[in-house]
Amino acid sequence: MKKLLFLLIASSVVLIACIGKKTEDNSVLQQEVQTYLDQYNTEYQKLVAAASEGQWVLNTHIVEGDTIAKTNAAISDEAYSKFTGSKLNIETAQKYLKEKDKLTDLQVKQLDYILFFAGNNPETAGDVVKKRIDATNAQTEALFGFKYTIGRDAVTPNKLDGILRESTDLKERLAAWEASKEVGKTLKDGLANLQQLRNASVTPLGYKDFFAYQASEYGMTSEEMLALTHSMINDVWPLYRELHTWARYELAKKYNQPVPEYLPAEWLPNRWGQDWTAMVNVEGLDIDPVLKTHDAEWVVKQGEAFWMSMGFPALPTSFYEKSSLYPAPEGAGYSKNNHASAWHVDLDKDLRSLMSVETNTEWWGTVLHELGHIYYYSSYSTPEVPYVLRTGANRGYHEAFGSMIGMASLQKPLLESQGLITAGVKTDDTQKLLSEALDFIVHIPWGSGVMTEFEYALYAQNLPKDQYNAKWWELVKKYQGIVPPNVRGEEYCDAATKTHINDDAAQYYDYSISNVLLFQFHDYIAKNILKQDPHATNYWGSTATGDFLKKVMAPGATVDWREHLKESIGSDMSAKPMLDYFLPLMDYLKKQNEGRVYTLPEKPVF
């Protein structure tokens, strides 16, 4: 009885205390912050649209000697930078974040992004930002306006890629590979200038360097990002080592040459050795003959039909009116950026793609990949997602969905369903798996190793200009096991021949992260939605798959990417689904490599 009486008295005291204490009302502060955010978002969207439009012209209509596009792009870029980096916006965001515990999660997320945007364009950096913008635009123009030649004959990038994919003439291959690197000479001074300007742009807000700035978008330090990229290389290294050994012997046989210690760069079917899929022809899965009966527009329309079959809407008419989807016609008087990309011009309904589509398997997968970005843009372009958060949950998410759809578009059941291969045709599943590994596994030492560590050296360690090429080939040999056909002195800048080094800098690890994520999402879709073998799926017509993708895509960057991943598939980021997917290939490669000499170490050395 005494115990009961004590509990009643205690409860009364707590109740009186609660009544006596006035609950803190944060609504006034939240409304003040919301008014600021609404104004910021409105101006931000307007400036992004103008800057994107300027860059679009600069990338799709390059005329030698014409400075108008570059000037207009610079004006728009500077207006965007001036606003996002203004002292007023920086101080306002910092002021409100001091009371973040009184704000909504969505408000805090927007304020964090506002500071991140400011980090690359702070007003306190003075004229450094304008100089960086001008230098970036000049570098873009120099890269994509470059005229490639073999001997005296002009060649397109698509032509160079075709030679490296298909030719068995080593002299022709060498000429094409060397021609593809000539542009680097014209870009070296520009890269050295950008190295300094990019670092100088971000240090005023406390970032150590440009690499650290880019890593911070993941909520990571440079050291944490390098630890992550090293872990991905470690995970795939045993399989990559088998692929590297297999490739050395297979290519030596193909070209009737002695087996090399390391892979000669000009022997590989890609300018940078980042994708070796053309080494394998999967019998029964060659869709080029069917694609050649259609035109490039059909390839794009089929890509749209694929997404629509999963319940996504048709692309807006403006997509086809405003995009640049096909190669510049001969004699057009202008050139264009030939690197495929997707554009969210106004962060709303103005969706575009920049491609040079041709009727082959590579472009079939690329079209599906780029439309993955387009439909991701569309999915989070809703009133629930503020303009500043209309991006992926992290940068790797965007690439993951694009690459996942590209992979799914080449699996046998889907190809059969669309008449791209004969139903019931016999195929070599091991060779198909090998082909996929020559893409997704081969890419990780390149993306997480060569590209990431070169840019870390460039920005975090201030790599001297007279060491660019030596460092590049040191990393290429170390991580990819590839060597150049001849001495590549410092008159060259082979790193700068890669688009991302120039205009999408210090974030190439996004692609490695996306490779891990795509296999996690694909594994989940295959097993839990389609109830199919992950090696043989057909997404086409699966509205349940579409519903899942919409749910994952719709929040944009309003969510924490780690929490969102776990809520979506019940798992943290892990390479296990990718390693499980390729597990059957290890036994095959070990048998193929019996008696062969391995030249890569058993474990990578960092």
Side-chain angles (χ1 to χ4, degrees), residues 287 290 297-320 342 344 348-349 351 353 364-385 390-393 397-421 423 436 514 517-559 561 564-571 577 581:
I287 65 174
V290 176
E297 183 181 0
W298 181 89
V299 176
V300 178
K301 288 288 188 179
Q302 283 299 104
E304 179 186 18
F306 173 65
W307 282 93
M308 290 176 65
S309 80
M310 294 190 293
F312 285 84
L315 293 169
T317 304
S318 60
F319 173 81
Y320 290 101
H344 200 188
D348 198 17
K349 307 304 179 189
L351 307 164
S353 185
W364 167 262
T366 298
V367 166
L368 272 294
H369 176 116
E370 295 306 329
L371 291 185
H373 291 299
I374 294 294
Y375 277 104
Y376 198 172
Y377 295 149
S378 177
S379 294
Y380 55 60
S381 294
T382 63
E384 291 74 31
V385 182
R390 290 190 183 181
T391 185
Y397 263 65
H398 248 296
E399 293 303 328
F401 289 124
S403 297
M404 181 182 74
I405 296 300
M407 181 180 78
S409 74
L410 292 168
Q411 292 200 327
K412 183 178 177 181
L414 186 146
L415 296 176
E416 286 181 329
S417 75
Q418 298 308 303
L420 292 171
I421 60 172
E436 291 171 332
S514 78
L517 291 174
L518 84 87
F519 279 98
Q520 288 189 267
F521 284 116
H522 176 70
D523 188 75
Y524 181 87
I525 290 169
K527 293 177 179 177
N528 295 279
I529 300 176
L530 298 174
K531 311 295 184 185
Q532 296 171 355
D533 179 352
H535 301 94
T537 63
N538 184 4
Y539 287 25
W540 200 292
S542 173
T543 54
T545 298
D547 289 343
F548 170 75
L549 291 174
K550 290 174 188 174
K551 185 177 179 180
V552 177
M553 292 174 167
T558 64
V559 293
W561 70 269
H564 189 51
L565 180 65
K566 194 157 191 175
E567 288 172 4
S568 299
I569 63 174
S571 171
Y581 186 91

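Cation-pi geometry between Lys301 and Tyr320 is met: under 6.0 angstrom from the ring centre, within 45 degrees of the axis.
Taking the six-membered ring for Trp and the full ring otherwise, the centers of His373 and Tyr397 sit at least 6.0 Å from each other.
Between the OG atom of Ser571 and the NZ atom of Lys566 there is a distance of 7.5 Å, given to the nearest 0.5 Å. Note that the CD1 atom of Ile525 and the CD atom of Gln532 stand 11.0 Å from one another [nearest 0.5 Å]. Separating the OH atom in Tyr375 from the NZ atom in Lys550 is a distance of 10.0 Å, to the nearest 0.5 Å. In this structure, Leu530 CG and Ser542 OG are separated by 4.5 Å, a value rounded to the nearest 0.5 Å. For the atom pair Leu415 CG and Trp364 CH2, the distance stands at 7.5 Å (nearest 0.5 Å). Atom CH2 in Trp540 sits 4.5 Å away from atom CD in Gln302 (nearest 0.5 Å).
A heavy-atom distance below 4.5 Å is found between the side chains of Pro555 and His564. Thr558 places none of its side-chain heavy atoms less than 4.5 Å from the side chain of Glu384. Looking at Pro577 and His522, their side chains never come closer than 4.5 Å, going by heavy atoms from C-beta outward. Residues Leu371 and Ile405 have side chains not in contact (no heavy-atom distance under 4.5 Å, counting atoms from C-beta outward). In this structure the side chain of Leu414 never reaches within 4.5 angstrom of the side chain of Thr537, judged on heavy atoms. Counting only heavy atoms from C-beta outward, the side chains of Ser378 and Leu351 approach each other to under 4.5 Å. When side chains are defined from C-beta on, Lys412 counts as touching Ile421, because their heavy atoms get closer than 4.5 Å. Put simply, the side chain of Phe312 reaches to within 4.5 Å of the side chain of Ser379, judged on heavy atoms.
With hydrogens and angles ignored, the 3.5 Å screen pairs a side-chain donor or acceptor of Glu370 with a backbone N or O of Ala342. Looking only at distances, a side-chain donor or acceptor of Arg390 sits under 3.5 Å from a matching main-chain atom of Val385. No side-chain donor-acceptor contact under 3.5 Å links Gln411 to the backbone of Asn538. Counting only distance, with no hydrogens or angles, the side chain of Thr543 and the backbone of Gly546 share no donor-acceptor pair below 3.5 Å. For Ser403 (side chain) and Ala400 (main-chain N/O), no donor-acceptor pair under 3.5 Å exists by modelled atom type. The backbone N or O of Phe519 lies less than 3.5 Å from no partner atom in the side chain of Asp523, so there is not a single donor-acceptor pair. Although no hydrogens or angles enter the test, the distance criterion places a donor-acceptor pair under 3.5 Å between the side chain of Ser409 and the main chain of Gly406.
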**Message:** As a quick check of understanding, evaluate side-chain contact (heavy atoms from CB on, under 4.5 Å) for Met404 and Tyr539, giving each step before the final call.
**Reply:** CA-CA 11 Å; Met404 181 182 74; Tyr539 287 25; 3.8 Å; yes
**Request:** Tell me, with the steps shown, if Ile529 and Asp547 meet side-chain contact (heavy atoms from CB on, under 4.5 Å).
**Result:** CA-CA 10 Å; Ile529 300 176; Asp547 289 343; over 6 Å; no
**Request:** Might you work through the side-chain hydrogen bond (donor to acceptor under 3.5 Å, both in side chains) test for Glu436 and His535, ending with a clear yes or no?
**Result:** CA-CA 10 Å; Glu436 291 171 332; His535 301 94; over 6 Å; no
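One finds no salt bridge joining Lys527 and Asp533 here, because no Lys/Arg side-chain nitrogen approaches an Asp/Glu carboxylate oxygen to under 4.0 Å.
Residues Glu304 and Leu315 approach most closely at OE2-N, 2.8 Å, considering heavy atoms. When all heavy atoms of Gly372 and Trp307 are compared, the pair lying nearest together is CA-CZ2, 3.3 Å. Pairing each heavy atom of Ala526 with each of Pro534, the nearest pair is CB-CA, 3.7 Å.
A donor and an acceptor atom, one from each side chain of His344 and Ser381, are located under 3.5 Å apart.
Classification of the Phe521-Phe401 ring pair by plane angle, with boundaries at 30° and 60°, yields tilted.
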